[in-house]
Amino acid sequence: MTEFTFDLLATDSGSAARRGRMTTRRGLIETPIFMPVGTQGTVKAMLPEALKEIGAQIILGNTYHLFLRPGHELIRNLGGLHRFMNWDRPILTDSGGFQVFSLGALRKIDEEGVRFQSHLDGSSHVLSPESSIAVQEALGADIIMAFDECIPYPASREYVAESTARSGRWARRCKLARSQGDGAALFGIVQGGMHPDLRAGSVNELLEIGFEGYAIGGLSVGEEAALMYEVMDNTLPLLPRDRPRYVMGVGTPENLIEGVSRGVDMFDCVMPTRNARNGVLFTSFGKVSIKQARYLADPLPVDPDCSCYVCGNYSRAYLRHLYQSNEILSSVLNTHHNLHYYLGLMQGVRDALDGGRFGEFKKDFYRKRADNPS
Ligand SMILES: CNc1nc2c(CC[C@H]3O[C@H](OC)[C@H](OC)[C@@H](OC)[C@@H]3OC)c3nc(N)[nH]c(=O)c3cc2[nH]1
């Protein structure tokens with residue numbers, strides 16, 4: 001029996017946006033929510049205390065990475081991933097399929113699962129629905145994802161259909177593989193590429209199996225934003241209203257606002273953390289590339305409208321200096337600011353939905369960017 005619930009608290013009058021609350025065995029999660037990515041048991045450059053200070057409610061871990069290094073049994077023997085990384089709030093782990101395809105070498109996919117060579121030392125491994133669930137349970141994640149194939153884009157309709165059907169069979173095996181009494185919630189992942197009928201077929205199969213939540217996979221794989229939104233438009237209305245919807249790997253601030261408008265509850269993306277390490281900062285008026293010469297002696301904070309620790313204490317000149325000097329603190333401060341921006345954006349969305357003014361919030365979001373084309 002999982003201790004997982006989802007309550008729909010409010011819906012927006014002018015869109016499909018919704019305000020919700022998840023209850024997990026490690027605490028509440030207010031939605032819509034952005035989940036910082038913590039691939040190898042750390043949200044890069046962030047102390048857990050700093051993550052809490054900026055309001056992170058749940059973070060992500062990666063089955064593929066932790067399975068290969070340091071190993072899920074080692075982490076289990078040390079008390080699980082929460083203890084290992086000193087994070088006592090919820091953790092969601094991906095099932096590893098995507099990473100095998102984006103990182104693994106010489107991989108071979110068949111009905112059993114995926115055989116691949118580690119990108120670290122070339123050693124051979126197999127990930128299957130059963131082993132992926134076992135790894136995620138050993139890590140102790142509070143929300144675990146079904147083992148699937150994230151279909152590359154573009155792909156032939158025939159391949160999309162075959163892969164989606166296989167991911168459906170894998171989803172059924174994942175549900176059967178769960179340990180009874182493990183309090184984690186298992187989410188199914190909808191595939192189907194960019195084909196509405198194959199997406200609908202995938203939804204129907206997952207609904208028949210039954211999951212605590214539903215992810216839309218196979219997006220943010222290089223398609224145009226318009227196509228991403230079209231798939232959301234076709235797929236989200238088919239999912240149960242009383243279950244969380246999670247779009248994987250999404251996205252830019254605009255993607256989050258558009259996804260919320262279409263009824264998405266959960267998002268994850270490496271964008272705020274990866275861009276931080278590359279000196280690209282998110283602000284209410286667009287992106288700032290801190291390495292640009294114009295910031296050399298700029299005394300202003302990154303975003304004068306931002307209330308974060310970084311904007312309260314450091315100038316653009318200093319952040320540019322750190323980046324140019326390749327200082328470790330550059331990644332720390334830039335990541336702190338970018339995650340504060342992403343989490344703050346979603347806090348603003350939740351407040352707007354609570355106040356019945358999401359439409360105004362969305363207009364204001366775009367107006368601020370239009371006034372300052374970066
Ligand atoms: C970017 N576009 C993107 N990312 C997709 C991820 C991975 C999400 C994953 O993306 C990184 O792994 C590479 C993150 O680590 C760097 C992971 O956080 C731990 C995150 O796990 C939820 C997908 N995962 C599955 N299982 N199925 C998908 O269809 C899928 C689609 C994605 N599109």
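Both ligands and their constituent atoms are indexed starting at 1 by order of listing.
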Pairwise distance CD(Glu230) to CZ(Arg262) - rounded to 0.5 angstrom
10.0 Å
What protein heavy atom sits nearest [atom], and how far away is it?
{"atom": "atom 11 (C) of ligand 1", "answer": "Gln99 NE2, 3.9 Å"}
{"atom": "atom 19 (C) of ligand 1", "answer": "Asn62 ND2, 3.2 Å"}
{"atom": "atom 16 (C) of ligand 1", "answer": "Thr39 OG1, 3.1 Å"}
{"atom": "atom 32 (C) of ligand 1", "answer": "Phe98 CE1, 3.5 Å"}
{"atom": "atom 20 (C) of ligand 1", "answer": "Asp268 OD1, 3.6 Å"}
{"atom": "atom 18 (O) of ligand 1", "answer": "Val37 CG1, 3.4 Å"}
{"atom": "atom 21 (O) of ligand 1", "answer": "Asp94 CB, 3.2 Å"}

Residues Arg26, Asp88: salt bridge by 4.0 Å N-O rule:
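Salt bridge flag = no for Asp88 with Arg26.
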May I ask you to decide whether Glu73 forms a salt bridge with Arg76, counting only side-chain N to carboxylate O separations under 4.0 Å?
yes
Where on Tyr153 is there a heavy atom closer than 4.0 Å to ligand 1, on the side chain, on the backbone, on both, or on neither?
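Near ligand 1, Tyr153 shows nothing, with every heavy atom at 4.0 Å or more.
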With heavy atoms only and a cut-off of under 4.0 Å, state how Cys269 meets ligand 1: side chain, backbone, both or neither.
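No part of Cys269 is near ligand 1 at this cut-off.
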With the threshold set at under 4.0 angstrom, would you say Gly218 reaches ligand 1 through any of its heavy atoms?
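So Gly218 counts as touching ligand 1.
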May I ask you to check if Arg243 and Phe211 form a cation-pi contact, with NZ or CZ under 6.0 angstrom from the six-membered ring centre and within 45° of the axis?
no
